Amino acid sequence: MLTLPCSAATLLLLCASPALAQFTIDGTALPAQNSWTDGVELTDVDGDGDLDLVFANGQGYGSGGQLPQHLFLNDGTGTYTAAHAQLNVASFNAKMVIGEDFDNDGDVDLLFAVESSWPSPSQKPRLLINDGTGNFTDDSAARLPAINMASFCVCAGDVDDDGDLDVVFTDGGTFSGAPSQARLFENTGGGFFVDATSDLPVDLYNAQDVTLFDWEGDFDIDIALSGKGATGKRSRLYLNDGTGAFSVSNVLDGLGSGGTYEIEWGDLDGDNDLDGMVVSLSGFSDGIAINSITSVSSFNLPSPNGNDDNEMAALDYDDDGDLDVLIGSLGNSGEKLYRNNGGGSFTNVNAQIQTITDSTLDLAVGDIDGDGDYDFVTGQGESGSFTNRVYRNGGVPDTRAPVILGMEVPAFDPLLTVFHARTQDAVVDDGDPGYVTARYRTWQGTSAGVQPTSGRAFHQGGGSWRFSVPTLPGAPGLASCWDFEDAAGNRSERTLSLGTVLDWNDLGNGTAGTPGVPTLTGVGTPALGAPLSVQLSGGLPSTFGGVVASSQTFFVPVLGGILVPRNNVVLVFATDGNGAATIDFLWPTNTPPCTAIYFQALLIDAGAPAGWSFSNAIAGVQQ
């Protein structure tokens with residue numbers, strides 16, 4: 001056979017290599033395993049900064065087969081080693097696992113939903129408490145109510161706004177669906193739970209899936225249920241009154257079908273509320289439900305569609321700022337991906353995922369190899385060889401900062417002010433906001449002192465966040481700043497000023513010289529790059545001194561006075577014949593909002609205790 005080189009005209013048709021998929025299977029990332037897996041969780045159990053893997057395993061439905069649960073530790077590159085023994089738990093029929101810090105000690109605990117036969121369930125959920133190193137203790141009996149369940153799903157959220165995570169389980173129902181009551185377990189502190197199901201409506205519904213998030217943007221956590229509901233009651237929405245007591249809304253009653261296993265929630269059309277990604281919206285066709293708060297409008301995703309799918313997640317795979325839809329498929333078409341065209345319309349881009357025939361029951365999304373893009377892991381069950389798979393992302397890294405969907409402007413409270421906000425990043429899965437860390441900074445000042453604070457905000461579930469600040473006695477207001485950072489290092493910040501927040505605050509601590517205590521005053525509004533000045537009066541005439549400036553304080557005795565700013569920068573000056581001086585400077589261009597810079601002047605003055613007089617210290621606050 002004679003082989004001819006490609007001509008320019010036929011290059012694309014005859015000689016082009018097939019397009020490479022963006023997501024490809026890494027067959028060496030996981031050790032061999034063949035357990036029926038219903039749930040997948042990517043979370044850092046050992047605190048080393050990478051994402052480990054937990055699989056919820058259980059053979060079949062109803063009483064099912066009691067299987068060992070699996071933990072795989074990440075070496076930092078996305079290669080996993082089995083560490084199942086660290087779970088220290090007996091076999092059971094798990095359908096889902098979530099990783100959350102239930103006892104507020106800074107590490108990730110694990111909570112499993114466990115299925116058993118209905119209508120006489122015989123199994124309880126399992127709560128595994130982490131010792132901080134990824135070694136767990138089964139503390140279910142001591143921490144959970146002694147209630148048997150037949151549960152397919154569990155989700156965590158702070159429904160009573162007290163700064164710890166409560167949980168909602170679906171309970172009862174068969175694989176085909178049977179009306180049953182969801183259960184609410186309230187965290188009373190430290191990861192100990194009581195049955196608070198009485199705070200839910202008495203509502204028998206065929207729930208297999210539950211998600212906790214803020215439906216209407218009022219900064220409390222609502223509950224959405226889905227799963228094989230009967231006609232006229234396909235899904236259910238319970239609205240929170242702000243205290244953790246719920247009432248039924250009928251907005252979702254018509255959403256889904258008798259084959260709906262799950263609805264995932266994320267902002268798909270850019271209007272700052274959360275829309276639904278619906279497994280089996282009609283028949284086996286997956287679809288989208290656009291949230292209008294008081295109603296939803298739905299449509300099927302484009303072909304190919306119509307498989308018996310089980311799992312939805314949202315992922316901005318192309319880094320264009322909107323959420324695309326990833327589907328774990330039980331059918332023979334492989335996993336599916338739909339690109340968001342903006343505004344909530346979609347195009348099938350399945351070619352971006354390496355196709356393989358398997359039976360995916362769940363998946364989890366995260367950056368497993370630390371390269372800035374988001375990979376995913378699937379869990380296999382029902383049929384086939386039960387080979388869970390790692391898909392590595394060969395696409396572009398995440399360059400988009402978390403989106404702030406809403407930020408509460410609370411009233412300034414003379415005792416304690418509570419702040420709430422809602423965010424969304426490049427990943428949304430099972431009510432998790434992706435891999436966002438929220439921090440806060442606040443500033444309060446009075447004539448008696450100042451109080452800067454900072455810390456990590458608490459994730460309340462579904463991308464909602466909370467922090468609270470005690471009020472400094474006598475403070476007329478406070479400045480506060482939210483700071484959201486994702487796993488790729490992208491950041492969003494937003495500032496609030498409540499009450500009266502002074503640009504400049506007098507901190508006292510002056511030491512008299514010959515004419516008395518010099519007075520330092522700030523002039524101008526602190527802002528990035530702004531020209532400002534500090535003005536000195538009442539000092540010794542015709543002498544020299546320096547203004548110490550710092551973003552930190554330490555109130556240390558030195559040279560007969562109290563030096564307030566830590567000695568970072570010294571601006572030298574000379575006083576005029578009246579003992580006055582003006583020192584001009586530019587506010588730094590790289591400081592975040594709510595940053596205070598402290599200033600204090602020191603003057604050579606033989607009449608001062610140690611030959612130096614100190615002005616009062618002042619703090620300028622960037623708002």
Side-chain angles (χ1 to χ4, degrees), residues 39 56 63 89 92-104 109-129 137-174 178-213 220-227 236-249 430-431 458 460-462:
S63 58
V89 66
F92 54 90
N93 186 19
K95 294 302 162 194
M96 188 173 186
V97 58
I98 57 175
E100 300 281 0
D101 184 7
F102 291 110
D103 53 3
N104 280 345
D109 310 302
L110 300 174
L111 181 60
F112 290 81
V114 181
E115 197 196 0
S116 54
S117 295
W118 182 260
S120 301
S122 58
Q123 297 294 312
K124 300 175 179 64
R126 303 293 197 279
L127 176 57
L128 309 187
I129 299 298
T137 300
D138 182 358
D139 217 7
S140 311
R143 293 175 179 265
L144 296 177
I147 298 174
N148 291 337
M149 292 192 204
S151 182
F152 281 87
C153 188
V154 60
C155 192
D158 181 10
V159 303
D160 49 5
D161 198 29
D162 65 350
D164 53 35
L165 287 173
D166 314 298
V167 293
V168 177
F169 289 89
T170 62
D171 178 27
T174 66
S180 52
Q181 175 72 46
R183 292 190 179 274
L184 169 62
F185 286 2
E186 179 185 332
N187 192 336
T188 59
F192 290 87
F193 294 85
V194 297
D195 184 12
T197 304
S198 59
D199 289 333
L200 299 181
V202 176
D203 185 40
L204 300 183
Y205 166 73
N206 306 24
Q208 289 195 354
D209 180 70
V210 58
T211 308
L212 273 61
F213 64 98
D220 57 32
I221 302 299
D222 307 304
I223 300 170
L225 297 164
S226 59
R236 297 296 270 170
L237 176 64
Y238 300 156
L239 294 179
N240 194 336
D241 69 357
T243 70
F246 294 85
S247 59
V248 173
S249 167
D430 293 331
F458 173 71
Q460 294 189 283

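Not measured: the values here are computed from a predicted model.
Every residue two or more places apart in sequence or in another chain was checked for a salt bridge (Lys or Arg N to Asp or Glu O under 4.0 Å) with Asp199, and none qualifies. Residues forming a salt bridge (Lys or Arg N to Asp or Glu O under 4.0 Å) with Asp241 (at least two apart in sequence, or on another chain): none. Taking Glu115 as the reference, nothing meets the side-chain hydrogen bond (donor to acceptor under 3.5 Å, both in side chains) condition, with sequence neighbours excluded. With sequence neighbours excluded, the residues satisfying side-chain contact (heavy atoms from CB on, under 4.5 Å) with Ser180 are Trp118. Judged as a salt bridge (Lys or Arg N to Asp or Glu O under 4.0 Å), and not counting sequence neighbours, Arg126 has no contacts. Residues that satisfy the salt bridge (Lys or Arg N to Asp or Glu O under 4.0 Å) test with Asp109, not counting sequence neighbours, are absent from this structure.
Rounding to the nearest 0.5 angstrom, the gap separating the CD atom in Gln208 from the OG atom in Ser151 is 10.0 Å. One distance of note links OG of Ser226 with CG of Asn206; it measures 11.0 Å at 0.5 Å rounding. Atom CD1 in Ile223 sits 6.0 Å away from atom CG in Leu184 (nearest 0.5 Å). Atom SG of Cys155 is separated from atom CG of Leu225 by 10.5 Å, given to the nearest 0.5 angstrom. With values rounded to the nearest 0.5 angstrom, Asp166 atom CG is found 9.5 Å from Phe102 atom CZ. From Tyr238, atom OH reaches atom OG of Ser249 across 11.5 Å, with rounding to the nearest 0.5 Å.
A donor-acceptor pair under 3.5 Å is formed between the side chain of Asp158 and the backbone N or O of Gly163. Formation of a donor-acceptor pair under 3.5 Å by the Ser247 side chain with backbone atoms of Pro201 is not found in this model. At least one donor-acceptor pair under 3.5 Å links the side chain of Ser117 to the backbone N or O of Ser63. A donor-acceptor pair is defined here as one N or O able to donate and one able to accept, closer than 3.5 Å; such a pair exists between the side chain of Asp222 and the backbone of Asn240.
Scanning both residues, Asp103 and Arg143, for their nearest heavy atoms gives CB-NH1, 4.2 Å. Nearest heavy atom pair, residue Phe185 against residue Phe193, reads O-CD2, 3.7 Å. Residues Phe152 and Met96 approach most closely at O-CB, 3.8 Å, considering heavy atoms. Closest approach of Glu100 to Leu165, counting heavy atoms only: OE1-CD1, 3.5 Å. Between Thr197 and Arg183 the shortest heavy-atom distance is OG1-CA, 3.4 Å. Of all heavy-atom pairs spanning Pro145 and Val194, the tightest one is CG-C, 3.7 Å.
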Please report the C-alpha distance between Val168 and Leu212 in whole Å, then the side-chain angles of each, then the deciding distance to 0.1 Å, and finally whether the side-chain contact (heavy atoms from CB on, under 4.5 Å) criterion is met.
-> CA-CA 8 Å; Val168 177; Leu212 273 61; 3.9 Å; yes

Side chain to side chain donor-acceptor pair (under 3.5 Å) between Asp139 and Thr137, worked out = CA-CA 6 Å; Asp139 217 7; Thr137 300; over 6 Å; no

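Residues Gln460 and Asp161 have side chains in contact (heavy-atom distance under 4.5 Å, counting atoms from C-beta outward). Between Phe112 and Val89, every side-chain heavy-atom pair lies at or beyond the 4.5 Å cut-off. Between Asn187 and Asp162, every side-chain heavy-atom pair lies at or beyond the 4.5 Å cut-off. A 4.5 Å side-chain heavy-atom check between Gln181 and Leu204 finds at least one atom pair inside the cut-off. Residues Asp209 and Cys153 meet the side-chain proximity criterion, which asks for heavy atoms closer than 4.5 Å. Contact annotation: the side chain of Val167 approaches that of Leu111 to within less than 4.5 Å [non-hydrogen atoms, C-beta and beyond].
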